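A short worksheet on the structure shown next.
Atom set for the values below is all heavy atoms of this structure, side chains included, hydrogens, waters and symmetry mates excluded. Everything quoted here is computed from the prediction, not taken from an experiment.
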Amino acid sequence: LPPGSCRAFWGWLNAVFNKVDHERIRAVGPDRAASEWLLRCGALVRYQGSPKWQQDYNGLPTGPLGKYKIEAIDATDSCIMYRGFDYLDGLEHVTDIKLEKCMYIQDECLQRLSETNNLQKSLQQLKIISCGNVTDKGVLALHKLTNLEYLYLSDLPGIREKETTFRVLQQALPNLELELDLE
């Protein structure tokens with residue numbers, strides 16, 4: 001294989017993993033379809049009422065439609081990307097999202113996240129760690145997550161205007177606890 005072709009292949013495969021299947025969402029419900037998407041991309045999900053993180057695609061619980069509601073998403077080291085974010089639209093119970101070392105997460109993803117109606121209502125905790133493509137613009141977009149209680153930002157070299165960005169965010173979300181671990 002010529003150099004770089006492997007990366008191109010994985011990029012292509014990751015794009016396939018992130019392709020939204022609207023038929024599937026209708027067939028199995030938003031939480032199941034989103035679980036399949038997230039696990040395919042290497043993320044973990046935790047369901048309402050369960051302490052256990054689900055990581056095995058083949059071990060996804062089956063049961064009546066809508067029985068398992070995603071409450072938390074841990075996307076550490078996953079290949080989730082913008083084109084898959086339509087899967088989040090139908091999720092009504094997500095309180096907690098962690099984006100760590102996600103190479104495809106950029107400002108557009110955070111804007112999309114903050115414009116998702118259900119997440120505006122449910123999301124309480126968000127952690128964004130070591131996502132090199134996130135800039136001030138993406139962080140500022142989070143002001144639409146009006147119920148966000150806790151935001152942790154760490155190792156984000158793309159953030160240049162720290163003071164301004166965080167002041168604006170705190171003004172928009174006065175109840176937000178903002179924890180920073182940035183250079």
Side-chain angles (χ1 to χ4, degrees), residues 10-134 138-139 141-153:
W10 286 110
W12 171 82
L13 192 64
N14 291 339
V16 170
F17 284 164
N18 280 278
K19 189 174 184 308
V20 176
D21 183 344
H22 293 280
E23 288 295 307
R24 184 75 182 149
I25 295 173
R26 277 194 290 278
V28 299
D31 289 88
R32 172 72 196 207
S35 298
E36 293 172 355
W37 164 58
L38 289 160
L39 268 61
R40 259 199 317 267
C41 290
L44 311 177
V45 296
R46 192 168 47 70
Y47 297 114
Q48 242 181 358
S50 167
K52 189 164 115 355
W53 286 93
Q54 198 68 42
Q55 55 188 9
D56 174 16
Y57 185 89
N58 296 316
L60 275 173
T62 51
L65 202 61
K67 180 178 174 193
Y68 294 95
K69 303 290 187 193
I70 298 177
E71 187 172 63
I73 297 168
D74 181 348
T76 302
D77 284 318
S78 74
C79 69
I80 63 168
M81 56 176 73
Y82 182 84
R83 68 184 297 188
F85 274 47
D86 286 4
Y87 280 113
L88 299 173
D89 288 340
L91 305 181
E92 297 179 8
H93 304 87
V94 178
T95 58
D96 204 329
I97 295 178
K98 180 180 180 187
L99 303 170
E100 182 170 1
K101 299 192 195 106
C102 301
M103 62 190 273
Y104 298 112
I105 293 293
Q106 77 285 59
D107 294 342
E108 291 74 16
C109 298
L110 298 183
Q111 283 166 316
R112 178 74 173 79
L113 202 68
S114 58
E115 284 162 8
T116 304
N117 288 332
N118 281 327
L119 290 178
Q120 289 175 350
K121 298 187 193 100
S122 68
L123 194 63
Q124 296 168 6
Q125 289 204 22
L126 178 60
K127 297 183 180 125
I128 306 170
I129 303 159
S130 307
C131 294
N133 297 317
V134 168
V139 172
L142 301 173
H143 77 273
K144 293 185 176 162
L145 294 170
T146 45
N147 284 315
L148 201 60
E149 295 168 6
Y150 177 77
L151 176 62
Y152 177 73
L153 301 172

ask   = How about H22 and D86: do any of their side-chain heavy atoms sit closer than 4.5 Å?
value = yes
inquiry  = I'd like to check T116 versus L91 (side-chain heavy atoms, cut-off strictly below 4.5 Å). Are they in contact?
reply    = no
query = With a 4.5 Å heavy-atom cut-off, do S35 and Y47 have their side chains touching?
reply = yes
key: Closest approach of E92 to S122 (non-hydrogen atoms, all atoms of both residues)   = O-CB, 3.7 Å
task = Please answer whether the main-chain N or O of Q120 pairs with a side-chain N or O of N147 as donor and acceptor at a distance below 3.5 Å.
result = yes
key: Heavy-atom pair of closest approach, residues V20 and R83   = CG2-O, 3.1 Å
request  = Go through the structure and list residues passing side-chain hydrogen bond (donor to acceptor under 3.5 Å, both in side chains) with S114, not counting sequence neighbours.
outcome  = none
message = Measuring from atom CD of E23 to atom CD1 of I25, what distance do you get when rounded to the nearest 0.5 angstrom?
response = 10.0 Å
ask   = Heavy atoms, side chains only, cut-off 4.5 Å: are L151 and L145 in contact?
value = no
key: Smallest separation among heavy atoms of S78 and G42, with atom names   = CB-C, 3.8 Å
query = Between K67 and D31, does at least one N-O distance fall below 4.0 Å, as a salt bridge requires?
reply = no
key: Residues D89, R112: salt bridge by 4.0 Å N-O rule   = yes
message = Between Y68 and S50, do the side chains contain a donor N or O and an acceptor N or O under 3.5 Å apart?
response = no
inquiry  = Return the CD to CG distance between Q125 and L148, rounded to the nearest 0.5 Å.
reply    = 8.5 Å
request  = For residues W37 and N18, report the shortest heavy-atom separation together with the two atoms involved.
outcome  = NE1-OD1, 2.9 Å
query = Can you tell me how far the OG1 atom of T146 sits from the CG atom of L119, to the nearest 0.5 Å?
reply = 11.0 Å
request  = Output the distance between atom CD (E115) and atom CG (L110), rounded to the nearest 0.5 Å.
outcome  = 11.0 Å
query = Just wondering, do C41 and M81 contact through their side chains at under 4.5 Å, heavy atoms?
reply = no
query = Just wondering, do V134 and L99 contact through their side chains at under 4.5 Å, heavy atoms?
reply = no
Which atom of I80 lies closest to which atom of A75, heavy atoms considered = CD1-CB, 3.8 Å
request  = Using a strict cut-off of less than 4.0 Å between a Lys/Arg side-chain nitrogen and an Asp/Glu carboxylate oxygen, indicate whether E36 and R32 qualify as a salt bridge.
outcome  = yes
R26 side, atom CZ; D21 side, atom CG - distance, nearest 0.5 Å = 9.0 Å
remark   = For Y87 and A34 the tightest heavy-atom approach is O-CB, 3.8 Å
ask   = Do Y150 and L126 touch side chain to side chain, with heavy atoms closer than 4.5 Å?
value = no
key: CD1 on I73 to CZ on R46, rounded to 0.5 Å   = 11.0 Å
request  = Show the numbers, then the answer: is there a side-chain contact (heavy atoms from CB on, under 4.5 Å) between V94 and L123?
outcome  = CA-CA 6 Å; V94 178; L123 194 63; 4.1 Å; yes
